[in-house]
Amino acid sequence: MQKLPFERPLVQKISAGLPSKFGIQGKLEPITHIDGIPVNSLIEEFGSPVFVISENTIRKTYKEAYRAFASRYPKVQFAWSYKTNYLNAVCSVFHQEGSWAEVVSGFEYDKAIAIGVEPGHIIFNGPDKTIEDLTKAISQGSLIHIDHFDELYDIIDLADRLEERPQVAIRVNMDTGIYPQWDRFGFNYENGEAWDALNRIMVNGNMDLVGLHTHIGTYMMSTDAYRIAATKLVDLAQGLMRKHKHAISYIDMGGGFASRNTLKGAYYPGSDTTPSFDDFAEAITSAFMKSELKPDDLPLLILETGRALIDDAGYLLGTVIANKRLADGRRSTIIDAGVNLLFTAFWYEHDIRPAKAVSDQTEDSTIYGPLCMNIDVIRGNVLFPLLKKGDHYVIKRIGAYNNTQWLQFITLRPNVVMIDTTGTPHIIRKAETLDSLNQHELTPGHLGQFNV
Ligand SMILES: *Cc1c(COP(=O)(O)O)cnc(C)c1O
């Protein structure tokens with residue numbers, strides 16, 4: 001039998017309120033391998049910390065989501081939400097699976113074009129599309145989701161000047177029973193603004209009104225909100241049919257499905273409470289099916305699911321820097337990845353695990369990142385095993401938003417590695433270096449010399 005590592009005994013203060021109704025959380029199972037590769041060897045080869053993305057998990061999750069919708073509705077199309085994770089390799093996996101691209105800026109639009117997405121399969125969302133962006137998107141036949149009247153007027157103007165027919169939809173916001181309501185994007189349903197915008201587009205006649213769009217929120221736990229949203233969009237589609245004899249080609253239900261991460265303050269873990277893709281699909285497709293739209297006129301159902309498709313595929317691996325006692329005697333563990341890399345630590349109770357088998361002993365700990373910033377907390381109050389300096393850890397479910405919202409702050413951003421379906425790791429984004437960073441800086445000549 002292998003000798004267990006020595007851990008010094010400790011006397012622990014019992015804090016009231018720690019156990020949930022199921023008692024004190026048991027042992028944290030270690031994560032020793034990712035897709036068959038030992039965590040230790042990934043860190044040895046690619047550095048610490050390092051992001052690791054499982055291609056297998058992306059494909060598996062995508063297929064599960066697609067099947068949930070396609071088994072209930074005849075015409076389904078996913079569009080990958082670039083801002084959720086726009087590393088080219090990640091986008092390419094989704095595009096190989098059949099996803100279109102969903103972008104919210106000129107930069108993201110160019111990124112989708114550059115990796116080879118057909119322009120007609122790019123959905124351009126968001127409140128900030130410049131005239132240059134709109135010109136590009138109109139001339140290439142991309143799908144433009146109009147956010148506000150000023151944008152509508154720009155498009156009317158451009159259609160005239162470019163002598164092209166823009167392919168447009170409007171984004172609609174609405175009361176779905178979830179508060180605060182997301183009413184800053186798109187045209188409101190309840191006050192008639194959305195219907196007004198649709199009528200203007202139809203009367204103008206120089207655009208093709210191809211769809212209706214909504215994105216009701218993010219990390220949505222309520223399937224009913226989607227049923228309500230789908231019902232309201234279907235109602236607009238029926239209105240267009242009644243008044244203008246116009247059949248739209250698609251209804252885009254946006255993204256927002258919760259991933260299985262646990263929100264801060266949640267009583268139960270997200271893995272127990274998040275609705276499944278089947279639950280969301282049932283709510284949305286039954287609203288479509290109940291409509292008066294004739295079977296031939298049923299629109300394509302588009303989904304822009306982001307976090308629920310990628311969170312599980314991402315891991316952050318790294319090393320313990322030190323342990324120390326806080327003034328009140330509580331244990332703190334300092335790790336080498338901070339909130340600059342793990343932005344989602346601000347709202348999730350991330351699942352952080354040891355990378356090797358440890359004893360059952362845990363202690364109420366706070367896990368800090370390496371930044372010289374008091375807010376650099378990766379996990380507050382977690383019953384964590386007694387890892388030592390140099391031990392490795394794995395943070396699960398971090399694939400969404402961290403590789404896009406990360407900051408170059410105090411430390412440089414590390415390698416991102418993708419493990420392919422044969423178990424081979426590839427660097428998909430190289431670690432930043434002082435040189436790569438300095439490429440963007442210019443120092444005026446008079447500041448070129450000093451003596452200190
Ligand atoms: C961010 C965003 C998405 C993806 O949202 P998730 O919550 O990650 O599923 C989809 N559509 C639009 C318009 C977005 O802004």
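This chain uses plain numbering: 1 for the first residue, then up along the sequence. Counting convention: from 1, in listed order, for ligands and their atoms alike.
For A345, the side chain to side chain contact (heavy atoms under 4.5 Å, CB included) partners two or more places apart in sequence, or in a different chain, are V339, L342, H350, I378.
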Taking a 3.5 Å cut-off between nitrogen or oxygen atoms, can you list every pair linking ligand 1 to the protein, with distances?
residue, atom, partner, partner atom, Å
ligand 1, 5 (O), Y401, OH, 3.4
ligand 1, 7 (O), T218, OG1, 2.5
ligand 1, 7 (O), G256, N, 3.3
ligand 1, 8 (O), R307, N, 2.8
ligand 1, 8 (O), Y401, OH, 2.6
ligand 1, 9 (O), G256, N, 2.7
ligand 1, 9 (O), G306, N, 2.8
ligand 1, 11 (N), E304, OE1, 2.6
ligand 1, 15 (O), K83, NZ, 2.6

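By the 30° and 60° cut-offs, the orientation of the rings of H145 relative to H213 is tilted.
For D272 (side chain) and Y268 (main-chain N/O), no donor-acceptor pair under 3.5 Å exists by modelled atom type.
The list of salt bridge (charged side-chain N to carboxylate O under 4.0 Å, His left out) pairs with a residue in residues 93-105, not counting sequence neighbours, reads R59-E97, K63-E97. Here ring pair (Phe, Tyr, Trp, His ring centres under 6.0 Å) pairs that include residues 216-246, with residues two or more places apart or in two chains, are Y219-Y348, Y226-F257, Y226-F280.
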**Prompt:** Would Y368 and V377 satisfy side-chain contact (heavy atoms from CB on, under 4.5 Å), going step by step from the backbone distance to the final call?
**Reply:** CA-CA 5 Å; Y368 290 103; V377 179; 3.7 Å; yes
